[in-house]
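What follows is a short report on a single structure.
Computed over heavy atoms, backbone and side chain alike; hydrogens, waters and symmetry mates excluded. Every value quoted in this text rests on a predicted model; they were computed, and no experiment measured them. Numbering starts at 1 and runs along the sequence shown.
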Amino acid sequence: MTYRLTSLGVAVLALLRDRPMHGYEMFQVLADRQAQRIVKVRPGSLYHVVDRLAEEKLIRRAATGRQGNRPERAIYEITDAGVEALIDRVRDVVATPIDEFPQFVTALAELHHLDVETAVDAVTSRVAALEADVAEMMALRDASTAEAPTLVALEYLLATTQAQVTWLRGFAQSLRTGDRSAHPSRLDAGEAQI
């Protein structure tokens, strides 16, 4: 079976394409770039991915370094095969839509198991959380602390989150009134406002 790059694997290869780094530095750079909005990053999973990428010969140990009293750290660099894998995976993911099966969609499909008040409260709580996310993303974008590639991903996340908020507000209203025909998803394509 061919190794399939995960999102975290793509992020690690992208970092190492910029410059060689040790694992902790990779974690710090991802944290500084607000990557937790883009990819799930935990130290344990990061080190596991680094080991796997090395095993697959997509990265290699370039050196071992030490700063002050800190322990020695392996510094990794990307290989030619790693560059090729990074480019192939990014191209494929961007070009080919796939079903990702988010938990939220599953919960929406089963929302009828809740009474209306509980469902409205749950949707309203989600809207509030998403609105807080939108505000945070707008602040990050406006502060311009992120690098250009991260800003592109942040802009996409901001746009999709804002669309979710709009849809969920309409959905909550249709739950309250019981009038599903008034929900934005029921509009004809010609009536939809973009």
Side-chain angles (χ1 to χ4, degrees), residues 4-12 14-15 26-49 89-90 92-194:
R4 187 175 173 111
L5 278 175
T6 63
S7 296
L8 186 53
V10 168
V12 168
L15 288 176
M26 289 180 227
F27 182 77
Q28 286 303 117
V29 170
L30 288 171
D32 291 346
R33 291 182 181 175
Q34 302 295 321
Q36 74 277 7
R37 290 203 166 273
I38 301 167
V39 64
K40 188 174 184 178
V41 183
R42 293 211 167 85
S45 58
L46 177 73
Y47 288 110
H48 174 76
V49 165
R89 184 69 175 142
V90 169
D92 291 348
V93 170
V94 170
T96 311
I98 60 167
D99 291 325
E100 297 183 49
F101 307 109
Q103 293 177 357
F104 177 63
V105 175
T106 302
L108 275 179
E110 303 303 333
L111 195 65
H112 61 278
H113 292 285
L114 303 179
D115 63 77
V116 172
E117 185 178 327
T118 302
V120 169
D121 287 347
V123 171
T124 303
S125 293
R126 186 176 189 92
V127 167
L130 290 173
E131 287 173 333
D133 282 350
V134 165
E136 184 180 327
M137 285 187 276
M138 289 175 89
L140 285 170
R141 180 199 61 195
D142 296 344
S144 297
T145 58
E147 295 179 12
T150 304
L151 283 175
V152 169
L154 188 62
E155 285 288 345
Y156 175 80
L157 289 173
L158 180 57
T160 57
T161 305
Q162 288 171 323
Q164 286 180 56
V165 167
T166 299
W167 189 90
L168 287 167
R169 281 185 187 144
F171 182 59
Q173 184 60 30
S174 70
L175 287 173
R176 280 186 201 97
T177 64
D179 183 8
R180 290 284 296 140
S181 65
H183 187 269
S185 67
R186 297 283 187 187
L187 296 176
D188 292 332
E191 297 178 59
Q193 295 178 356
I194 298 176

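The shortest heavy-atom contact between Leu168 and Val123 is O-CG1, 3.6 Å. Residues Ala172 and Val120 approach most closely at O-CG2, 4.1 Å, considering heavy atoms. The shortest non-hydrogen separation linking Arg89 to Val10 is CG-CG2, 3.7 Å. Minimum interatomic distance between Leu130 and Gln164 (heavy atoms only, all atoms of both residues): CD1-OE1, 3.7 Å. Taking every heavy atom of both residues into account, Met137 and Leu158 meet most closely at SD-N, 3.8 Å. In plain terms, the two heavy atoms of Ala11 and Leu30 that are nearest each other are CB-CD2, 4.1 Å.
At most 12 non-hydrogen atoms from other residues, nucleotides or ligands lie less than 6.0 angstrom from OH of Tyr156. Heavy-atom neighbours of Glu110 CD from other residues, nucleotides or ligands within 6.0 Å: above the threshold of 12. The 12-atom threshold is exceeded at CZ of Arg176, counting heavy atoms of other residues, nucleotides or ligands nearer than 6.0 Å.
One distance of note links CD of Glu136 with CZ of Arg141; it measures 13.0 Å at 0.5 Å rounding. In this structure, the separation between CZ on Arg126 and CG on Leu108 is 7.5 Å, given to the nearest 0.5 Å. Between atom CG of residue Leu140 and atom CE of residue Met138 there is a gap of 11.5 Å, rounded to the nearest 0.5 Å.
Arg169 is listed as a side-chain neighbour of Val165, based on a closest heavy-atom distance under 4.5 Å.
Judged by distance alone, the side chain of Thr124 and the main-chain N or O of Asp121 form no donor-acceptor pair under 3.5 Å. Using modelled atom types, one side-chain atom of Thr160 and one backbone atom of Leu157 make a donor-acceptor pair closer than 3.5 Å. Side-chain N or O atoms of Ser45 include none that pairs as donor or acceptor with a backbone N or O of Val41 at under 3.5 Å.
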For this session: Please report the C-alpha distance between Leu111 and Leu175 in whole Å, then the side-chain angles of each, then the deciding distance to 0.1 Å, and finally whether the side-chain contact (heavy atoms from CB on, under 4.5 Å) criterion is met.
Result: CA-CA 11 Å; Leu111 195 65; Leu175 287 173; 4.1 Å; yes
